[in-house]
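The next block holds one structure in the form of structure tokens; read it before the comments.
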Amino acid sequence: MKKYLSPFLAFLFLLILWEIFVEFLHIEKFILPAPSHVARALAAAWPLLLDHSLYTAVEALLGFMFAVIMGTCLALAMGLLPWVKRTIYPLIVVSQTIPIMAVAPLLIIWFGYDILPKVLVVALVCFFPITVSTVEGLDNIDQDMVKLLVTMGATPGQILRLVKFPGALPSFFAGLKISATYSIMGAVIGEWLGGSKGLGIYMTRSMHSFLTERVFASIVVITAMSLILVGIIELIARLTMPWLYQKKSWQQDEKL
Amino acid sequence: MLEIKNITKTFSSPPGEVWTLKDISLTVEKGEFVSIIGPSGCGKSTLFNIISGLERPDRGKVLLSGQDITGQKGHTAYMLQKDLLLPWRTVLDNCILGLEVQGVARDVGRKRAEALLPEFGLEGFARSFPVVLSGGMRQRVAFLRTMLQGKEILLLDEPFGSLDAFTKGEMHGWLLKIWEKYHPTVLFITHDVDEALLLSDRVYVLSTRPATVKLDVEVKLERPRFRDLITEDKFVKLKKLLLEALAQNKPHS
């Protein structure tokens with residue numbers, strides 16, 4: 001808990017600075033609302049916000065799960081078959097230079113204003129970190145461990161199960177965490193381009209009505225949702241890889 | 001009994017040099033502890049790769065109890081200088097890795113390993129992850145993993161090479177005790193003359209590349225042996241012999 005104290009205090013300090021700044025310079029609420037205004041807007045619009053948030057959360061989670069399945073399959077194919085990696089990996093990297101803002105409208109044209117194009121935007125944003133991290137994890141397996149298994153007479157399947165999968169897990173989870181932070185954002189971007197419900201819609205409407213404090217309130221909610229998702233991933237990681245976290249606490253002890 | 005007959009191996013390394021094993025023959029009797037000592041880079045590890053079946057020799061044969069096992073894997077248990085413990089497996093599950101590969105059920109393997117933990121100085125650590133262990137303990141887990149595979153030959157490639165002198169001394173005493181009890185057939189690579197003499201029944205000295213068997217010494221020191229043997233006259237005499245053979249090894253200029 002101690003490590004969270006100083007960033008929390010810094011954040012608190014910035015909020016106070018912001019409040020004072022807005023108050024003293026008499027900045028209009030529609031240009032930059034003070035934190036206290038945002039807090040009031042958040043409280044007032046809570047039921048509505050919650051409704052929109054849930055919708056966005058569903059989009060983000062569906063897209064995220066899709067990305068996990070797609071990203072993992074791609075990474076496994078590339079990590080285990082060198083020719084697949086040679087063929088596909090450059091394409092995947094280049095595909096990331098295409099701005100998602102350019103692709104999203106196309107998805108709307110193809111799939112309409114329903115949930116599907118939003119889920120696809122999330123999946124497109126999220127699969128890349130998962131794929132890249134997992135491939136890296138598979139590539140960085142200690143080859144001597146593989147050699148040891150070979151001398152034991154292990155089959156390729158056994159090497160996969162006993163060494164490669166568990167060895168790539170930490171990288172896989174690192175990718176998952178990055179993707180989780182992107183997922184809510186991806187869903188909001190998808191919603192900006194059209195739809196009937198979701199935080200993105202709520203933000204666009206608030207912006208058009210110059211209710212800037214509500215835009216900020218949405219940002220707070222987006223951040224909170226992203227943090228919760230990352231927290232869940234972190235929890236799953238700890239339960240799946242107790243050995244990794246045991247190591248961390250031991251290293252800290254060593255330093256003391 | 002393990003027989004290495006006229007093994008020759010040529011391969012090119014990145015700068016274009018050709019490193020070789022040239023006509024190497026040696027024998028390890030059942031229950032014997034044999035060391036191979038030689039300058040680093042002379043191809044000792046290549047020889048182990050050939051015996052364990054990871055690589056094929058250009059010429060020559062590996063015979064186990066008279067049977068040709070050249071290029072076949074799974075006849076030997078190989079232990080490297082790096083302990084190669086899998087960090088995601090507990091100590092106990094690392095010990096049974098080889099058994100699991102062989103298809104032995106986990107509970108059966110665990111029971112067998114657990115019974116041996118005290119002797120290997122690992123009591124109470126069965127459920128710990130390797131990361132909490134000291135260097136010496138890690139090597140003992142690796143050694144237990146090697147023994148449990150139940151192979152006829154143990155190939156130990158500088159298993160104590162990365163340990164500090166003090167821990168290494170402790171490991172020698174411990175290994176002598178274990179060997180006294182189980183009498184495994186061991187082929188041991190080292191470049192530590194003391195270590196080779198203290199542990200072995202026979203020591204082969206290899207030359208620099210192309211590596212050939214330069215000297216073959218039987219170590220007739222009575223067992224059980226203890227660490228203080230290394231200061232006794234008969235030990236020092238043998239040590240001189242080995243050091244001379246190694247000194248003549250300097251590459252011709």
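The model shown is predicted, which means the values in this text are computed figures rather than measured ones. Below, chain A is the first sequence line, B the second, and so on; all start at residue 1.
Shown here is F128(A), whose CZ atom has more than 12 heavy atoms of other residues, nucleotides or ligands within 6.0 Å. For F120(B), the CZ atom sits in a packed shell: over 12 heavy atoms of surrounding residues, nucleotides or ligands are nearer than 6.0 Å.
Applying the side chain to side chain donor-acceptor pair (under 3.5 Å) test to every pair with at least one member in residues 26-37 of chain B, sequence neighbours left out, gives these pairs: S35(B)-S200(B).
Using a 4.5 Å heavy-atom cutoff, the side chains of M152(A) and E100(B) are not in contact. Residues F129(B) and P242(A) are in side-chain contact: their nearest non-hydrogen atoms beyond the backbone lie under 4.5 Å apart. Two residues are said to be in side-chain contact when any heavy atoms from C-beta on lie closer than 4.5 Å; R145(B) and L148(A) meet this criterion.
Across every non-hydrogen atom of S52(B) and T151(A), the tightest pair is OG-CG2, 4.2 Å.
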Exercise. Show the numbers, then the answer: is there a side-chain contact (heavy atoms from CB on, under 4.5 Å) between L97(B) and L149(A)?
Key: CA-CA 9 Å; L97(B) 186 67; L149(A) 270 274; 3.7 Å; yes

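There is no contact between L155(B) and chain A, counting heavy-atom distances below 4.5 Å. If you measure heavy-atom distances from T76(B) to chain A, the contacts under 4.5 Å come from the backbone alone.
Taking non-hydrogen atoms and a 4.5 Å limit, the residue list of residues 138-147 of chain A in contact with chain B, ordered by number, reads D142(A), D144(A), M145(A), K147(A).
Here the side chain of W243(A) pairs no donor or acceptor atom with the backbone of P130(B) at under 3.5 angstrom.
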